[in-house]
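Small disclaimer: the values here were computed from a predicted structure and weren't measured.
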Amino acid sequence: MDEWEYRGEGNASLVIASKKEGIVYRVLKRKVNKNSQDGHHEKEKSKEHFENVMKYKVGYITHVMKPLLCEEYVSPWKLVAVSKDFLQQVSDKFQSFRPQARLSTEVNTLCSHVVQLPDFCLLPGVQNDNVPTFCIEIKPKAGFLPTSEFISEDHQIKKSVCRFCMHQRLKLKEGKWSCLSEYCPIDLFSGKRSQMKKALSALFSNPQNNLRIFKNGALLYGATSKHPPTKDVQLQLINQLVSWYGQCSDDDHDVSIATSPAIHSLQDVIIKALLSSSQNDTVLSSSQNDTVLEPIRKKRKLLDKEIVENYKEVEIS
């Protein structure tokens with residue numbers, strides 16, 4: 001267990017990483033029922049139920065996401081058998097690392113498998129501390145406006161305001177975030193450099209849970225509370241990038257995420273990477289019209305049952 005470190009978590013999974021092996025494990029979580037007599041779990045579900053959940057997740061990546069985005073952009077998900085004792089150790093060791101907002105869930109010790117993925121925070125074979133590895137993690141969200149004829153008159157705003165921007169208002173009202181993000185997925189998916197730069201600038205200023213930057217596998221920049229990063233945290237990122245680029249123009253203490261040449265250089269690199277593939281260009285243009293997604297939704301429904309029943313196609317170890 002010493003080789004494993006906490007990497008992060010979402011609503012459904014907790015992620016741990018092994019730098020030694022260059023892999024991460026996605027560990028399934030479950031809700032904690034605080035109203036139960038023993039203060040423990042929600043209504044217990046069978047071990048077979050959670051196995052089917054894991055099979056579905058891997059099957060969805062294999063049968064839906066790979067054909068949609070191509071294998072070049074979707075890494076294979078591999079199920080790895082683990083013991084209940086291992087999962088309990090994960091729960092005990094990393095409980096103190098978990099954010100307060102995620103403590104309504106816990107590691108699901110009833111699940112007999114975890115999902116193994118490559119650790120994209122590190123480059124294979126690169127272990128030289130003098131050559132740092134930076135990883136940019138972006139959760140872009142849905143970058144299109146729906147045009148479906150089934151949207152009711154009461155919900156026509158969905159055709160002019162993206163889902164992310166609407167949810168920003170809701171999350172601000174609920175107190176999840178202290179201020180609105182100026183990021184809009186439509187800008188990032190536009191394929192236009194000026195709009196993409198606007199989107200990235202907004203993410204860097206207020207990353208929330210949509211942007212994280214790692215250096216050698218350790219979190220360097222991202223939201224750690226409901227507030228945007230402090231000035232000191234911004235300067236830490238800037239100084240790391242200045243050192244990496246070999247620049248000396250950001251020494252002024254008044255420099256910020258919005259004005260730093262090093263930040264602008266990194267954003268330009270990200271935009272170049274996003275636009276570097278013809279396949280990416282195809283995805284960007286097609287994502288602007290949700291009619292492309294209708295057959296994907298239908299295919300997903302047809303595969304729901306097939307994925308679980310015909311799981312022999314998915315690799316298990």
Side-chain angles (χ1 to χ4, degrees), residues 7-8 10-13 15 22-26 28 53-80 114-124 134-148 162-164 167 183-193 195-196 199-200 203 209-214 267 269-308 310-311 313-316:
R7 182 60 61 78
N11 290 328
S13 302
V15 179
I23 59 174
V24 299
Y25 279 176
R26 291 175 60 97
L28 194 67
V53 169
M54 299 299 287
K55 291 175 182 179
Y56 175 84
K57 289 177 178 291
V58 177
Y60 180 69
I61 295 296
T62 303
H63 299 293
V64 177
M65 296 308 297
K66 273 192 176 182
L68 178 62
L69 297 178
C70 301
E71 290 194 20
E72 182 180 356
Y73 302 109
V74 181
S75 292
W77 284 34
K78 179 181 179 181
L79 283 184
V80 176
V114 297
V115 174
Q116 177 183 308
L117 287 162
D119 186 354
F120 293 114
C121 286
L122 303 172
L123 291 176
F134 288 91
C135 170
I136 314 298
E137 177 187 293
I138 297 176
K139 186 191 293 184
K141 311 303 282 190
F144 65 96
L145 294 174
T147 59
S148 174
C162 80
R163 182 180 178 87
F164 177 85
H167 274 198
Y183 168 70
C184 179
I186 293 177
D187 289 330
L188 186 64
F189 281 91
S190 68
K192 299 178 181 178
R193 292 182 180 274
Q195 287 181 245
M196 296 174 75
L200 290 174
L203 285 177
N209 61 349
N210 300 103
L211 172 72
R212 295 198 300 171
I213 300 177
F214 296 86
Q267 291 171 353
V269 169
I270 296 172
I271 292 172
K272 183 177 181 180
L274 291 175
L275 295 178
S276 64
S277 167
S278 59
Q279 180 63 39
N280 265 346
D281 292 340
T282 301
V283 172
L284 286 169
S285 60
S286 66
S287 66
Q288 296 173 22
N289 193 330
D290 74 328
T291 56
V292 176
L293 298 180
E294 290 299 332
I296 301 300
R297 296 189 184 107
K298 292 178 181 178
K299 182 177 181 181
R300 174 177 177 173
K301 289 180 180 179
L302 291 173
L303 283 171
D304 279 354
K305 185 176 181 181
E306 179 184 343
I307 286 172
V308 174
N310 301 317
Y311 190 58
E313 300 177 42
V314 182
E315 180 181 2
I316 305 180

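Residues Cys135 and Arg212 have side chains not in contact (no heavy-atom distance under 4.5 Å, counting atoms from C-beta outward). Proximity of Val115 to Leu79: side-chain heavy atoms (C-beta onward) are separated by under 4.5 Å at one or more points. Counting heavy atoms from C-beta outward, Val269 and Ile136 have side chains that stay 4.5 Å or more apart. Between Leu117 and Val15, the closest side-chain pair of non-hydrogen atoms is not below 4.5 Å.
Contact between Cys184 and Ala199 at its shortest, heavy atoms only, is O-CB, 4.1 Å. The two residues Met54 and Arg26 come nearest to each other via the heavy atoms CE-O, 4.4 Å. Shortest non-hydrogen contact noted between Pro185 and Gly143 is CB-CA, 3.7 Å. Nearest approach of Phe189 to Pro140, heavy atoms of both residues: CE1-CB, 3.6 Å. The two residues Met196 and Ser190 have their closest heavy-atom pair at CG-OG, 4.1 Å.
Between the CG atom in Leu200 and the CG atom in Leu274 there is a gap of 7.0 Å [rounded to 0.5 Å]. Distance CD1/Ile270 to CD1/Ile213: 6.5 Å, rounded to 0.5 Å. Distance check, rounded to the nearest 0.5 Å: OH of Tyr56 to NE2 of His63 gives 11.5 Å.
Considering only residues two or more places apart in sequence or on other chains, Asp187 meets the side-chain hydrogen bond (donor to acceptor under 3.5 Å, both in side chains) condition with Gln195. Remark: Phe164 pairs with Tyr183 by the ring pair (Phe, Tyr, Trp, His ring centres under 6.0 Å) rule, at least two apart or across chains. Residues meeting the salt bridge (Lys or Arg N to Asp or Glu O under 4.0 Å) test with Asp119, sequence neighbours left out: Arg7. For Val53, the side chain to side chain contact (heavy atoms under 4.5 Å, CB included) criterion is met by Leu28, His49, Lys57, not counting sequence neighbours. Judged as a side chain to side chain contact (heavy atoms under 4.5 Å, CB included), and not counting sequence neighbours, the contacts of Arg193 are Ile271, Leu275. Residues passing the side chain to side chain contact (heavy atoms under 4.5 Å, CB included) test with Ile61 are Met65, Val74, Trp77, sequence neighbours excluded.
Heavy atoms of other residues, nucleotides or ligands lying less than 6.0 angstrom from NZ of Lys141 number 12 at most.
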